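The sequence lines fix the lettering, A, B, ..., with proteins before strands; numbering per chain opens at 1. Computed from a prediction, not measured in an experiment: that's the story for all the values here.
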2 protein chains.
Amino acid sequence: MPFPASVRIVEVAPRDGLQNETKAVSPDVKVELIERLSTAGCRTIEAGSFVSPKWVPRMADTAEVLSRIRRVSGVAYPVLVPNLRGLEAAIAARCEEVAVFASASEAFSQRNINCSISESLDRFAPVLAMAREHGIRVRGYVSCVLGCPYQGAVDPIDVASVSRRLFEAGCYEISLGDTIGTGTPFNAVKMVETVAEDVPIERLALHFHDTYGQALANIYACLGLGVSVIDAAVGGIGGCPYAKGATGNVATEDLVYMLDGMNVETGIDLSQLIDAARFISEKLGNRPNSHLACSLDRG
Amino acid sequence: MPFPASVRIVEVAPRDGLQNETKAVSPDVKVELIERLSTAGCRTIEAGSFVSPKWVPRMADTAEVLSRIRRVSGVAYPVLVPNLRGLEAAIAARCEEVAVFASASEAFSQRNINCSISESLDRFAPVLAMAREHGIRVRGYVSCVLGCPYQGAVDPIDVASVSRRLFEAGCYEISLGDTIGTGTPFNAVKMVETVAEDVPIERLALHFHDTYGQALANIYACLGLGVSVIDAAVGGIGGCPYAKGATGNVATEDLVYMLDGMNVETGIDLSQLIDAARFISEKLGNRPNSHLACSLDRG
């Protein structure tokens, strides 16, 4: 089986995680979280987003956070940008990588960003053009790849179609998001196989939420196809706006534990990662949403 | 891949789950739990154990519980027995199936039941003989198959050795227990493959604890080998005596959700199962230890 020898983990807690938490944390806490993650060995840390504070108030301090973190050589600190204004802010903040997002579900696209999938892709064309001019790498997120809170099932063909368009538009990597965490292993494998017919598998990342506890099983199944980039959030923070009481992104420490056990290299120190999980969970007033942090908590 | 078309789930919440919970529940609650589980479609429900109440006070009411449950045709209600006295009590309680237990770890065997692995197997010989006379089926548990809280690593060869001896002694099925939940997918696969050289794979069951969040991934990996019997506890109840704050057995509802998504037949109604999880978790004063029950809880 073509299991990868190493996996690059994209740590999304400072953005996807904190964005969806009920409690806000200060820029100080965000800076410390990001620095703990780079110290633990994370090489890609999504640091925030330049979106309207009206829509995502939790991310209003992204410029401040980016100006204050100690940037470690070799570590990327991408930010999410929805449009040219966001990209300009990212350039001003000396970002070397940004991310754009589209959905594989028409219903989700309409409700989430008020336009069709096709319109959303058209809107990103000038963003990608300007990013290219500035030598900024662009990552593409595709949401609802294994189910949509509004339309239910999502056809893998639709996931492949939007993934291919983002890739052809210049995204160097496509992150496939199981936004509501309803996927199971066979569905996940079928979806990735379908997308891989249009986008090289080494350009695909998994972004699975653990809402129904399926994330690690789904990731394991897709690793068997050769996928080697995985998004995760330390402490499993983030929750799910579509399922109250649910967990969020797969917890990075649970993922790293699995990969360590499989001798798949991540470059991340598990013990420091767990400390980071405890740090941010405490600041959020939560128990960590990871098995590992809870199991090792003998306090 | 030889994924099974159907899986038999052995529901262990009334025994392995309740035995390890801090809070005791009344026989009334146990009877209702067992009946909810059979109504939901569970076909094997471990109902209790006949062990000394001095060692396991939570199970002291097993005879009463067995006398009061409405026994559904086609449903097995096995109980754990450590010795002849336990078997005699099981016979008196009209049990048609019992379970014995040994460990793959010498250190665990010594600390848990005060004798070597070999001595523990010798002790079960008369139990198996008397069970055979009475037409009672015997299931064998092997603990610490993927790690031991005292000796650490456990060699798959040792798991195979004790499994083979239990099988040869007359156990119809061997349940492989990752007692402390430290296993990861490759280790789990290697262990099952090794045991399957000595015991037919259709006679093997997985009994994985979710202490480190790995259970579903490990189960998925082993299903790919053709294993088709899995132990689980509704609500993920039980905790782990070796890791404070940890979750217990893999939650049956998270497992059934995965299997439903894979079109693997279980005969279990997920919605009634989740109701049973909420019922017992509430009686224990806990939030259910399953992603599914939490995610679907919009209250």
Chain B interface, residue from A:Ala215, A:Ala221, A:Gly181 that has the most non-hydrogen pairs under 4.5 Å: A:Ala221

Leading residue by heavy atom contact count with chain B [cutoff under 4.5 Å; candidates A:Ala251, A:Pro185, A:Ser290, A:Gly183]: A:Pro185

Main-chain N/O of B:Leu255 paired to A:Gln214 side chain as donor or acceptor, under 3.5 Å: no

Whether A:Tyr257 side chain and B:Gly213 backbone form a donor-acceptor pair below 3.5 Å: no

Contacting region of B:Asn187 [heavy-atom separation from chain A under 4.5 Å]: side chain

Interchain contact, B:Asn218 with chain A, by part (heavy-atom threshold 4.5 Å):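 Neither the backbone nor the side chain of B:Asn218 comes within 4.5 Å of chain A.
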
A:Asp210 versus chain B, the contacting section by heavy-atom distance below 4.5 Å: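 Contact with chain B: backbone and side chain both.
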
Spatial distance of atom CG (A:Leu216) from atom OH (B:Tyr212) [nearest 0.5 Å]: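 Taking CG in A:Leu216 and OH in B:Tyr212, the distance rounds to 14.5 Å.
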
Ring geometry between B:Phe186 and A:Tyr220 (parallel below 30°, tilted from 30 to 60°, perpendicular above 60°):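 Rings of A:Tyr220 and B:Phe186: perpendicular, as their planes differ by over 60°.
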
Exercise: identify the closest heavy-atom pair between B:Met262 and A:Thr184: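 Smallest interatomic distance, heavy atoms only, reads N-OG1, 4.3 Å.
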
Over all atoms of both residues, closest heavy-atom pair of B:Met258 and A:Ala217: SD-CB, 3.9 Å

